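A short write-up of the structure that comes next.
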There are 2 protein chains.
Amino acid sequence: MDFFAVVDTQRALRRFRPDPVPDAALDRILAAATRAPSARGAEPWYFVVVRDAALRAAIGADYRRAWTAAKAAAADADRDVRDRPHYARMMRAADALAAELGTVPVLIVCCLDHAQLGPIAAPDGGLRSPVAAYASIFPAVQNLCLAARALGLGTTLTTLHTAFAPTLAARLGIPPSVEVVALVPVGYPRDRFGPTRRKPVEEVAFLDRWGAPWPKLDRGGPRA
Amino acid sequence: MDFFAVVDTQRALRRFRPDPVPDAALDRILAAATRAPSARGAEPWYFVVVRDAALRAAIGADYRRAWTAAKAAAADADRDVRDRPHYARMMRAADALAAELGTVPVLIVCCLDHAQLGPIAAPDGGLRSPVAAYASIFPAVQNLCLAARALGLGTTLTTLHTAFAPTLAARLGIPPSVEVVALVPVGYPRDRFGPTRRKPVEEVAFLDRWGAPWPKLDRGGPRA
């Protein structure tokens, strides 16, 4: 697939078909993740690919409980975005994901090893520079999600596992120096890929100084 | 360009030709950045595209000073990676970048607005969940770097600006709620794009549980 066709149509997909995901596709997705940059070229990442049905069911139950709690708080916490066009649809899809996460064919648990961050982490594993630490893992997670889309597989980047991180670490045997940064469900989607709707570039880009307009160009193409 | 050809050959490029970068290319790169996912669909990002020569020179001088200080510490701090094959070459290129950053044709200053993070940030702007916050900006930065590569433009994701963040914010007029998360130089590269050398997938991926081997597949293709 063409690069920009992938990027322009990668959107969060939260409902999945039960069809199995081939090993070769997962391997290609993982290889793409590892092509990302990382501070010092350290490649401080690990990926646990969860296919085991009992493990997925258990993680799914953890996730559903965390979602129920988060959702109760969201009505107020999301007051700045809840009137935007995407919000109601996104929340319905997030509900569906929470109900079904345990049966999505594959969960990829994306991990950052603080012990491979050198001066970015302290000897006790605390992060001296969170920004430099997460700059060494979320590019890999994004490569993973884009590569999935290129192969016709849906994903969504979730971080709700932070509400049950110790439980998740225990279920998967993740060592103390390693932080799970994202839980990415992977499967053939029930919904369609984009194009995605976003703020236009001139609302989020400036030229030279904050507030100075970026020229509005005639872009053509599928921009909403 | 084919998606996987882009991902497999995107590497940090730190030496640039002086040729100007067209507005249309930058606009396409910025549009690609905005296609990334973000928590709550909030799109909490801004991009300041610095072309002004005096500003670039000033930021370049800030960067060079920070690099000189960081490099003095790196010999010890990087003892875990300094014997790897890539390290000496990476440090030479990083030296070159620090010497020349002020003359790279474009610097893209990537920003995360804490005021658009909803419950992820506290009312004072502090991050309640750094992982969820940075999960809403580094996928966009990675899209930006990949899109640049698709257009033949080199980039490298740097976070050294954290050593002079207040100075940088003052130079660009960045408001208090907004954090610069990356400074990305952009230009036509003097060095070649990848393929990149990475750990093989089976060293960083597990099946179902930490430590359980991911099958080594016959991958073909340009994996080192």
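Here the structure is a predicted model, which is why all the values come from computation and not from measurement. Here is how names work: the chains are called A, B, and so on, in the same order as the sequence lines, proteins then strands, and each is numbered from 1.
When B/Arg149, B/His86, B/Arg40, B/Arg51 are compared by the number of non-hydrogen pairs under 4.5 Å with chain A, B/Arg40 comes out ahead. Annotation: maximal heavy-atom pairing with chain A below 4.5 Å, among B/Ala33, B/Ala140, B/Pro215, B/Ala36, occurs at B/Ala36. Note: A/Gly41 leads A/Ala24, A/Ala39, A/Gly41 in heavy-atom pairs under 4.5 Å with chain B. Counting heavy-atom pairs under 4.5 Å between each of B/Asp2, B/Val49, B/Val50 and chain A puts B/Val49 at the top. Ranked by heavy-atom pairs shorter than 4.5 Å toward chain A, the options B/Ala147, B/Ala150, B/Ala73, B/Ala5 are led by B/Ala147. Annotation: maximal heavy-atom pairing with chain A below 4.5 Å, among B/Leu146, B/Val6, B/Asp113, occurs at B/Leu146.
Of the atoms belonging to A/Glu203, it is backbone heavy atoms, and not side-chain ones, that fall under 4.5 Å from chain B. Neither the backbone nor the side chain of B/Ala182 comes within contact range of chain A, judged by heavy atoms closer than 4.5 Å. Heavy atoms closer than 4.5 Å to chain B are found in both the backbone and the side chain of A/Ala42. Contacts between A/Ile174 and chain B at a heavy-atom distance below 4.5 Å involve backbone atoms as well as side-chain atoms. Neither the backbone nor the side chain of A/Ile137 comes within less than 4.5 Å of any heavy atom of chain B. Heavy atoms of A/Val181 lying under 4.5 Å from chain B belong to its backbone as well as its side chain. Only the side chain of A/Cys111 has a heavy atom closer than 4.5 Å to any heavy atom of chain B. For B/Leu55, the part sitting under 4.5 Å from any heavy atom of chain A is the side chain, from C-beta outward, and nothing else.
Here CZ of B/Arg209 is found 5.5 Å from CG of A/Asp52. Values are rounded to the nearest 0.5 Å. Between the CZ atom in A/Arg84 and the CD atom in B/Glu43 there is a gap of 6.5 Å [rounded to 0.5 Å]. Taking CZ from A/Arg35 and CZ from B/Arg11, the interatomic distance works out to 12.5 Å, rounded to the nearest 0.5 Å. One distance of note links CZ of A/Arg171 with CG of B/Asp208; it measures 13.5 Å at 0.5 Å rounding. In this structure, OH in A/Tyr134 is found 12.5 Å from OG in B/Ser136, a value given to the nearest 0.5 Å. Atom CG in A/Asp23 sits 6.0 Å away from atom CG in B/Leu217 (nearest 0.5 Å).
Between B/Thr159 and A/Ala135, the shortest heavy-atom contact is CG2-CB, 4.0 Å. Smallest separation of non-hydrogen atoms from B/Asn143 and A/Phe3: O-CZ, 4.5 Å. Between A/Pro37 and B/Gln142, the shortest heavy-atom distance links the atoms CD-OE1, 3.6 Å. The two atoms that bring B/Ala205 and A/Leu30 nearest to each other are CB-CD1, 3.9 Å, heavy atoms only. Of all the heavy atoms in A/Asp78 and B/Pro119, the pair that sits closest is OD1-CD, 3.9 Å. Here the closest non-hydrogen pair linking A/Leu157 and B/Pro139 is CD1-CG, 3.9 Å.
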Next item on the list: Let me see the working for B/Trp45 and A/Val204 under side chain to side chain contact (heavy atoms under 4.5 Å, CB included), right down to the final yes or no.
Entry: CA-CA 7 Å; B/Trp45 43 60; A/Val204 298; 4.1 Å; yes
Note to self: Could you go through A/Arg198 and B/Thr34, starting from their C-alpha distance and side-chain angles, then the distance that decides it, and tell me whether this counts as side-chain hydrogen bond (donor to acceptor under 3.5 Å, both in side chains)?
What the structure shows: CA-CA 7 Å; A/Arg198 292 290 190 274; B/Thr34 69; 5.7 Å; no
Note to self: Under the criterion side-chain hydrogen bond (donor to acceptor under 3.5 Å, both in side chains), I'd like the reasoning laid out for B/Gln116 against A/Asp80: C-alpha separation, chi angles, the key distance, then a yes or no.
What the structure shows: CA-CA 8 Å; B/Gln116 295 185 60; A/Asp80 58 325; over 6 Å; no
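Using a 4.0 Å cut-off between a side-chain N of Lys or Arg and a carboxylate O of Asp or Glu, B/Lys216 and A/Asp27 do not qualify as a salt bridge. Between B/Asp8 and A/Arg28, at least one side-chain nitrogen of the basic residue sits less than 4.0 Å from a carboxylate oxygen of the acidic one, meeting the salt-bridge criterion.
You'll find the ring centres of B/Tyr46 and A/Phe206 inside the 6.0 Å limit. Aromatic rings of A/Trp214 and B/Phe47 (six-membered ring for Trp) have centroids beyond the 6.0 Å cut-off, not under it.
Taking a 6.0 Å sphere around CZ of A/Arg89, one finds it holds 12 or fewer heavy atoms contributed by other residues, nucleotides or ligands.
You'll find the side chain of B/Phe4 reaches within 4.5 Å of the side chain of A/Leu151, heavy atoms only. Within the 4.5 Å cutoff, the side chain of B/Thr162 has heavy atoms near those of the A/Val131 side chain. Counting heavy atoms from C-beta outward, A/Val178 and B/Trp210 have side chains that approach closer than 4.5 Å.
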